[in-house]
Amino acid sequence: QVQVVESGGGLVQPGGSLRLPCAASGSMISRNAMAWYCQAQVKQRELVAVITSGGSTSYVDSVKGRFTISRDNGKNTVYLQMNSLKPEDTAVYYCKLGTWDKDYWGQGTQVTVSS
């Protein structure tokens, strides 16, 4: 069974940083695309960052220059490094593993940016 588990969320001050790991089991992340999404209260889920099996990355405009998606194939884990955090970044962050036939979602981790 494929499972995806995010962690690393919490409360952080504006301008601070967080690093969110997403660990996968049952599938090799090196052979699949991985993505991070966020969902704020009363809003639709929004794509934040993508890393392909070839290592190419893409970001939504609002996080360019602040967030970085990366992976550690040895640990079968993808990371979202979040710098210069703003209150508007507050949301539940979800990790998704995309295979050729279906997507697998993590449970989400809460990120709150507040002074």
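All residue numbers refer to positions in the sequence shown, counting from 1. Any value given below was found using the heavy atoms of this structure, including those in side chains, with hydrogens, waters and symmetry copies removed.
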Exercise. How far apart are the closest heavy atoms of Ala35 and Val50, and which atoms are they?
Worked result: CB-CG2, 4.0 Å
Problem set entry | Intermediate values then yes/no, side chain to side chain contact (heavy atoms under 4.5 Å, CB included), Leu85 and Leu18 | CA-CA 8 Å; Leu85 282 162; Leu18 285 174; 4.2 Å; yes
Problem set entry | Closest contact, heavy atoms only, Trp36 versus Leu20 | CZ2-O, 3.5 Å
Problem set entry | Test item: Thr109 side-chain N/O and Gly9 main-chain N/O as donor-acceptor pair under 3.5 Å | yes
Exercise. Going by the angle between their ring planes, with limits at 30° and 60°, are Tyr37 and Trp105 parallel, tilted or perpendicular?
Worked result: tilted
For this session: Can you see which heavy atom on Cys22 is nearest to which on Val4, and at what distance?
Result: SG-CG1, 3.2 Å
Exercise. Any salt bridge between Asp61 and Lys64, counting N to O under 4.0 Å?
Worked result: yes
For this session: Under the side chain to side chain contact (heavy atoms under 4.5 Å, CB included) rule, what do Cys95 and Met34 come out as? Steps first, then yes or no, please.
Result: CA-CA 7 Å; Cys95 182; Met34 302 291 293; 3.7 Å; yes
Problem set entry | Least distance between heavy atoms, Ala40 atom then Ala91 atom | N-CB, 3.8 Å
Problem set entry | Any donor-acceptor pair under 3.5 Å from Asn32 side chain to Ile29 backbone | no
Problem set entry | Donor-acceptor under 3.5 Å (Ser30 side chain, Asn73 main chain) | no
For this session: Start with the C-alpha distance between Lys102 and Val2, add both sets of side-chain angles, then the distance that settles side chain to side chain contact (heavy atoms under 4.5 Å, CB included), and finish with yes or no.
Result: CA-CA 11 Å; Lys102 69 180 296 182; Val2 176; over 6 Å; no
Problem set entry | Sub-4.5 Å side-chain heavy-atom contact between Ile69 and Val78 | yes
Problem set entry | Over 12 non-hydrogen atoms of neighbours within 6.0 angstrom of CD in Gln41 | no
Seminar exercise, completed: So OH of Tyr59 and CZ of Arg66: to nearest 0.5 Å the spacing works out to 12.0 Å
Seminar exercise, completed: In short, Gly108 meets Val92 closest at the heavy-atom pair CA-CG1, 3.9 Å
Exercise. Any side-chain heavy-atom pair from Tyr94 and Arg45 closer than 4.5 angstrom?
Worked result: yes
Exercise. Measuring from Ser70:OG to Arg19:CZ, what's the distance to the nearest 0.5 Å?
Worked result: 6.5 Å
Exercise. Under 3.5 Å, is there a donor-acceptor pair between the side chain of Gln107 and the main chain of Glu6?
Worked result: yes
For this session: Without swapping roles, check the side chain of Thr77 against the backbone of Lys75 for a donor-acceptor pair under 3.5 Å.
Result: yes
Exercise. Quick one: are Val48 and Phe67 in side-chain contact, heavy atoms under 4.5 Å?
Worked result: yes
Seminar exercise, completed: Asp89 and Ser84 have their tightest heavy-atom pair at OD2-O, 4.4 Å
For this session: Could you grab the distance from atom OG1 of Thr52 to atom CZ of Arg71, nearest 0.5 Å is fine?
Result: 6.5 Å
Exercise. About how many Å separate CD of Gln44 and SG of Cys38, when rounded to the nearest 0.5 Å?
Worked result: 12.0 Å
For this session: State, yes or no, whether a side-chain contact exists between Ser17 and Gln81 at a heavy-atom distance under 4.5 Å.
Result: yes
For this session: From the options Ile51, Thr68, Asp72, select the one residue that forms a side chain to side chain contact (heavy atoms under 4.5 Å, CB included) with Tyr79.
Result: Asp72
Problem set entry | Worked check of side chain to side chain contact (heavy atoms under 4.5 Å, CB included) between Asn76 and Ser25 | CA-CA 8 Å; Asn76 214 41; Ser25 62; 5.7 Å; no
